[in-house]
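Below: the structure, in structure tokens.
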Amino acid sequence: MQPSTWHPHLWHPTTQVAHAPVPLKVLQAHGATLQLADGRQLIDAISSWWVTLHGHAEPTIAAAIAAQAQQLEQVIFANFSHEPAESLADRLSALSGLERLFFSDNGSTAVEVALKIAWQWWRNRGEARHRLIAFEGAYHGDTVGAMAVGARSIFTAPFEPLLFDVARVPWPHTCWHDEGVEEREAAALAELEQALQTPSAAVILEPLIQGASGMAMVRPPFLRAVQERVRAAGSLLIADEVMTGFGRTGSLFACEQAGLRPDLMALSKGLTGGFLPMGVTLASERLYQGFISDDPTATFFHGHSFTANPLGCAAALASLDRLEADPERYTHFEARHRPHLELLSHHPLVRRPRCLGTVAAFEVAVDQPGYLNAVGRRIQHLCLERGVYLRPLGNVVYLLPPLCLSDAQLERCYAAIGAALEASPG
Ligand SMILES: *Cc1c(COP(=O)(O)O)cnc(C)c1O
């Protein structure tokens with residue numbers, strides 16, 4: 001049975017125990033469904049924090065991990081290499097157009113590695129480029145360097161003195177029937193040009209969708225214009241595809257659709273299909289060559305214990321196979337969202353509807369928008385009663401389901417949201 005008190009020895013992430021409901025105990029999960037210890041079933045409409053790509057317990061990935069575990073579970077990746085890592089590097093560099101793959105173990109470290117490579121590359125060249133440029137609303141992870149490039153918020157406030165300074169440019173996010181978007185894009189580009197006047201090491205962005213700040217979507221032409229300016233200023237472009245990678249936005253990578261050719265790309269979340277923690281940072285050959293030298297201080301002295309974990313590599317390879325076997329599952333997901341979101345968009349509480357690939361989002365009309373607004377928690381509660389698990393970001397409600405979600409399950413998600421809005425959460 002479901003324990004109704006907090007476990008005496010656990011500490012849950014981003015959870016204020018004084019107010020949060022006691023965590024629900026999960027027994028097992030298959031496809032889009034979580035099976036709870038109390039007998040209930042829930043649709044996991046946010047892919048368990050955006051990681052479960054195909055569905056829970058995807059059989060081909062489970063089998064690949066089991067087989068790899070019998071063969072080679074782990075080996076130190078300095079002095080050694082192995083087939084799963086080599087195959088994954090071959091495939092991801094062919095798919096991304098970036099020749100070199102560096103392994104770490106989550107999205108934050110994939111970003112940290114990208115920042116450190118960019119920073120040290122300039123240092124190795126003997127050029128003083130100390131400025132990093134990031135976007136308002138950005139989220140790049142919870143480690144200290146990743147927090148520094150992310151937007152300042154209640155998440156980062158206690159650590160303010162630890163966070164290095166970055167230049168910040170507006171993110172002209174848009175929605176359906178958005179009229180002022182061109183002007184906001186032009187204003188953001190003008191600020192970017194201004195920031196790039198100072199020689200900068202790199203510009204980091206989440207291509208097409210800023211996830212954690214509330215599924216804030218920008219148009220591809222804006223990103224292409226950003227790229228032009230970054231190139232013209234001789235700076236580097238870092239694409240944080242930790243959330244957007246592996247079909248989330250309707251193309252394999254968001255960069256593809258946006259026409260971006262970044263110098264560095266961070267991947268994690270969907271990389272292993274959501275089975276195992278792994279991060280990778282892809283870098284261009286040009287950057288890689290900048291670390292080859294007789295001078296030992298030019299070395300990239302960075303490494304994690306579980307670098308290139310073979311089980312993670314095997315899961316990632318199986319996940320790529322699964323994606324490639326059936327690309328319509330991600331290329332056509334947006335068409336499945338659209339009619340539902342269209343209907344919902346007429347509800348008087350629904351503002352700024354938007355949709356891209358597997359991600360659909362809107363804002364609930366409230367007096368004080370933001371992460372602490374309680375409307376999201378009320379909607380979460382109301383949807384749970386209807387068997388749908390959501391985790392709104394303040395007053396932003398979104399769906400980001402696994403690719404296996406059936407039409408009937410998608411309909412249940414929208415029905416639950418519709419009913420929650422009717423229950424007048426405002
Ligand atoms: C989740 C996320 C991260 C951090 O990844 P973790 O695995 O949670 O450390 C970084 N960047 C983006 C865009 C993310 O969505």
Side-chain angles (χ1 to χ4, degrees), residues 11-15 46-53 96 102-118 132 134-153 155-156 159 163 166 171 173 202-218 223 237-249 253-255 257-258 260 262 264-282 302 304 306-307 309 312 315-316 319 356-359 361 371 391-394 396 398-401:
W11 191 330
H12 288 266
T14 66
T15 299
I46 63 151
S47 300
S48 281
W49 251 344
W50 323 344
V51 301
T52 305
L53 185 58
S96 67
F102 192 97
F103 282 102
S104 58
D105 42 29
N106 62 68
S108 306
T109 54
V111 167
E112 295 273 348
V113 166
L115 295 172
K116 287 176 71 174
I117 289 175
L132 289 162
F135 284 85
E136 287 170 9
Y139 176 77
H140 296 295
D142 285 348
T143 55
V144 174
M147 272 198 294
V149 284
R152 302 298 188 263
S153 68
F155 281 68
T156 62
F159 313 105
L163 305 181
V166 302
W171 182 253
H173 54 99
V203 175
I204 182 166
L205 53 80
E206 292 155 87
L208 293 178
I209 311 181
Q210 281 186 344
S213 76
M215 302 301 153
M217 303 182 185
V218 291
L223 293 179
L237 184 63
I238 303 174
D240 176 356
E241 291 234 28
V242 169
M243 185 278 274
T244 54
F246 304 103
R248 277 291 167 213
T249 67
F253 298 117
C255 282
Q257 231 184 118
L260 295 184
L264 289 153
M265 186 190 275
L267 298 171
S268 185
K269 295 201 166 106
L271 171 63
T272 62
F275 272 68
L276 288 165
M278 170 168 272
V280 304
T281 307
L282 289 150
H302 185 109
H304 296 280
F306 284 99
T307 296
N309 173 251
S319 178
L356 184 68
T358 65
V359 186
Y371 188 81
R391 190 177 162 90
L393 294 153
V396 177
Y398 69 92
L399 294 172
L400 193 157

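Order of listing sets the numbers, starting from 1, for every ligand and every atom in it.
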Numbered in order shown, the ligand 1 atoms found under 4.0 Å of a heavy atom of Gly141 are 4 (C), 10 (C)
Just to check, does Glu241 reach to within less than 4.0 Å of ligand 1 when the distance is taken from its heavy atoms?
no
d(His304 NE2, Asn309 CG) to nearest 0.5 Å is 13.5 Å
From the list Leu282, Leu267, Leu260, side chain to side chain contact (heavy atoms under 4.5 Å, CB included) partner of Phe253 resolves to Leu267
Looking only at heavy atoms, the pair that brings Trp49 and Lys269 closest together is O-CE, 3.7 Å
A student checking ligand 1 against Ser108 at a 4.0 Å heavy-atom cut-off should list atoms 4 (C), 5 (O), 6 (P), 9 (O)
Within 4.0 Å of some non-hydrogen atom of Trp50, the atoms of ligand 1 are 15 (O)
Ranked by distance from atom 1 (C) of ligand 1, the top protein heavy atom is Lys269 NZ, 1.5 Å
Scanning both residues in full, the closest heavy-atom pair of Pro401 with Ser47 reads C-OG, 3.0 Å
A student checking ligand 1 against His140 at a 4.0 Å heavy-atom cut-off should list atoms 10 (C), 11 (N)
So side-chain hydrogen bond (donor to acceptor under 3.5 Å, both in side chains) across residues 135-150, not counting sequence neighbours, yields Glu112-Thr143, Tyr139-Asp142, His140-Asp240
Short version for Glu206: what comes under 4.0 Å of ligand 1, heavy atoms counted, is side chain
In terms of heavy-atom contacts, Ala134 and Val166 come closest through CB-CG2, 4.4 Å
Quick note on ligand 1: atoms under 4.0 Å from a heavy atom of Gly107 include exactly 4 (C), 5 (O), 6 (P), 7 (O), 9 (O)
In short, Ala361 meets Tyr398 closest at the heavy-atom pair CB-CB, 3.8 Å
Near Met243 (heavy-atom distance under 4.0 Å), the atoms of ligand 1 are 15 (O)
One finds that the ligand 1 atoms under 4.0 Å from a non-hydrogen atom of Asp240 are 10 (C), 11 (N), 12 (C), 13 (C)
